[in-house]
Enquirer: 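Structure incoming, see below.
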Amino acid sequence: MRSAGEFLAESSATHSSAVFLVEFGAIILGLGLLGRFAGRFRLSPIPLYLLAGLAFGEGGLLPLGTSEEFVAIGAEIGVILLLLMLGLEYTASDLVSNLKTQYPAGLVDAALNALPGAAMALLLGWGPVAAVVLAGVTWISSSGVIAKVLGDLGRLGNRETPVVLSILVLEDLSMAVYLPIVTALLAGVGLAAGSATLAVALGTAGVVLLVAVRYGRHISRFVSSDDPEKLLLVVLGVTLVVAGLAQQLQVSAAVGAFLVGIALSGEVAEGAHSLLAPLRDLFAAVFFVFFGLHTDPASIPPVLLPALVLAVVTALTKIATGYWAARRAGISAKGRWRAGGTLVARGEFSIVIAGLAVTAGIEPSLGPLATAYVLILVIAGPLTARWTEPVAMWVTGRRLRGHAAAGPGEGGTPPTASAASAGAAGAAGAHEALDGQGAADRT
């Protein structure tokens with residue numbers, strides 16, 4: 001016969017399980033309704049997912065209780081699946097060739113986007129260590145958000161997308177160098193200990209990349225299966241193991257997942273893509289909700305102005321980075337603007353970097369500022385990805401028409417009729433060429 005204590009314990013466990021199911025079920029249902037609402041207006045649902053997280057997170061309208069830990073694990077899986085699916089779109093040879101040709105874009109990206117963060121920290125009087133941390137927050141784009149946006153907008157096959165992915169991969173790989181340096185600065189360790197941590201991180205990233213490039217065929221053969229269930233389990237298991245090992249060795253789990261996707265090719269990649277797509281959509285949505293859950297709305301107003309200024313400046317520098325990189329790769333004008341607008345979003349890495357500083361107690365205001373900054377750009381990012389190109393082309397078209405209209409009346413000798421006709425035809429031809437090249441960017 002059970003004692004009263006055992007009965008109460010079992011009853012409490014049953015109640016906790018019921019509350020978890022209700023909370024998590026409500027989250028999934030809410031995400032589905034928000035996604036349907038966004039789909040009606042052809043918008044990315046990411047901003048709505050984040051706002052839902054704010055409403056049910058710390059200091060929100062109805063904070064969650066029992067389901068928060070599960071949501072945190074689901075969010076990690078969401079980022080891993082997003083990067084795995086990105087990797088499945090490209091082969092190892094594509095990755096190597098893009099990295100070889102795009103490393104100057106990575107350097108420009110670091111210079112244009114890290115310096116504003118460092119300058120803001122110094123202007124606020126936070127010191128050099130906080131400047132290094134905030135530089136990382138403003139430098140790194142959100143691979144998770146951008147992966148989701150590219151899929152939502154149907155741009156995974158666009159000509160500018162490899163340029164965007166090359167910059168993201170360079171940023172993620174740079175984290176293998178940056179994070180150990182920041183960790184050493186925050187901990188105040190000596191040069192020898194910091195150098196050892198950095199060497200381990202770089203060695204791990206190099207080994208994973210080498211295996212993905214040289215032994216991708218063998219990995220695909222090992223993973224391959226005619227049974228969809230076995231293929232799904234093996235691919236998902238390999239991805240999670242590699243991501244976990246990479247993170248344990250101071251390399252991003254996202255980089256590990258991306259390289260697993262790169263290593264798979266042919267029919268295996270196609271089959272894994274179709275099987276994993278529903279899982280990716282589910283856990284990616286959970287990731288964006290989790291991001292909002294851990295943001296207290298009350299901490300945002302005091303740092304909103306500097307965060308807004310920093311967001312505007314670094315949104316423009318990211319657009320400039322993407323435009324320059326796409327132009328260097330021979331992409332047309334429309335594709336350049338799309339590449340720039342796509343890179344604006346910040347997210348998971350920025351929060352991780354700021355979290356390290358908050359844990360170390362470097363600067364109390366750094367965490368809220370980083371959170372406000374990321375929230376602004378993670379909401380604005382899908383919008384800039386969608387609207388940067390049409391707005392830029394509309395402005396360019398107005399300028400062309402303005403120059404053509406102002407030409408005859410600027411003083412001096414009016415042009416001849418034939419010259420005016422030739423000039424107008426040239427302007428129209430240039431505009432049509434831009435439109436034609438932009439249409440050719442899509443596959």
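Please read these numbers as outputs of a predicted model, since none were measured by experiment.
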Enquirer: If I compare all heavy atoms of Ser141 with all of Leu343, which pair ends up nearest, and what's the gap?
Expert: OG-O, 2.7 Å

Enquirer: Does Leu124 reach the side chain of Leu369, with side-chain heavy atoms less than 4.5 Å apart?
Expert: yes

Enquirer: Within the distance-only criterion (no hydrogens, no angle test), does the side chain of Lys318 pair as donor or acceptor with the backbone N or O of Trp139 below 3.5 angstrom?
Expert: yes

Enquirer: Looking only at side-chain N and O atoms, does Thr317 offer a donor or acceptor that is under 3.5 Å from a partner on Asn113?
Expert: yes

Enquirer: Less than 4.5 Å apart, any side-chain heavy atom of Leu279 and any of Leu276?
Expert: yes

Enquirer: If we only count heavy atoms from C-beta on, is the Val391 to Trp337 side-chain gap below 4.5 Å?
Expert: no

Enquirer: Can you measure from CG (Leu81) to CG (Leu236) and round to the nearest 0.5 angstrom?
Expert: 6.0 Å

Enquirer: On a heavy-atom basis, which atom in Leu275 and which in Pro228 lie closest, and how many Å separate them?
Expert: CD1-O, 3.4 Å

Enquirer: Is Glu171 salt-bridged to Arg346, cutoff N-O under 4.0 Å?
Expert: no

Enquirer: Give me the atom names and distance for the closest heavy-atom approach of Leu310 to Pro116.
Expert: CD1-O, 3.6 Å

Enquirer: Please check if the side chain of Asn158 supplies one atom and the backbone of Glu160 the other of a donor-acceptor pair under 3.5 Å.
Expert: no

Enquirer: Closest heavy-atom contact between Ser224 and Val268?
Expert: CB-CG2, 3.5 Å

Enquirer: Answer yes or no: is there a donor N or O on one side and an acceptor on the other, between the side chain of Arg336 and the main chain of Gly322, under 3.5 Å?
Expert: no

Enquirer: Counting C-beta onward and ignoring hydrogens, is there a side-chain heavy-atom pair between Leu33 and Phe37 closer than 4.5 Å?
Expert: no

Enquirer: Any side-chain heavy-atom pair from Leu150 and Thr342 closer than 4.5 angstrom?
Expert: yes

Enquirer: Donor-acceptor pair, distance only, cut-off 3.5 Å: does the side chain of Thr388 make one with the backbone of Ala385?
Expert: no

Enquirer: Judged by atom type as modelled, is there a donor-acceptor pair below 3.5 Å linking the side chain of Ser350 to the main-chain atoms of Val374?
Expert: no

Enquirer: Determine, stepwise, if the pair Val132 / Tyr178 fulfils side-chain contact (heavy atoms from CB on, under 4.5 Å).
Expert: CA-CA 10 Å; Val132 174; Tyr178 175 82; 4.1 Å; yes

Enquirer: Any carboxylate oxygen within less than 4.0 angstrom of a Lys/Arg side-chain nitrogen, looking at Asp152 and Arg386?
Expert: no

Enquirer: Have Tyr373 and Thr314 got a donor and an acceptor in their side chains that come within less than 3.5 Å?
Expert: yes

Enquirer: Does the side chain of Leu134 come within less than 4.5 Å of Val137's, by heavy atoms?
Expert: yes

Enquirer: If I take atom CD1 from residue Ile146 and atom CG from residue Leu165, how far apart are they, to the nearest 0.5 angstrom?
Expert: 9.0 Å

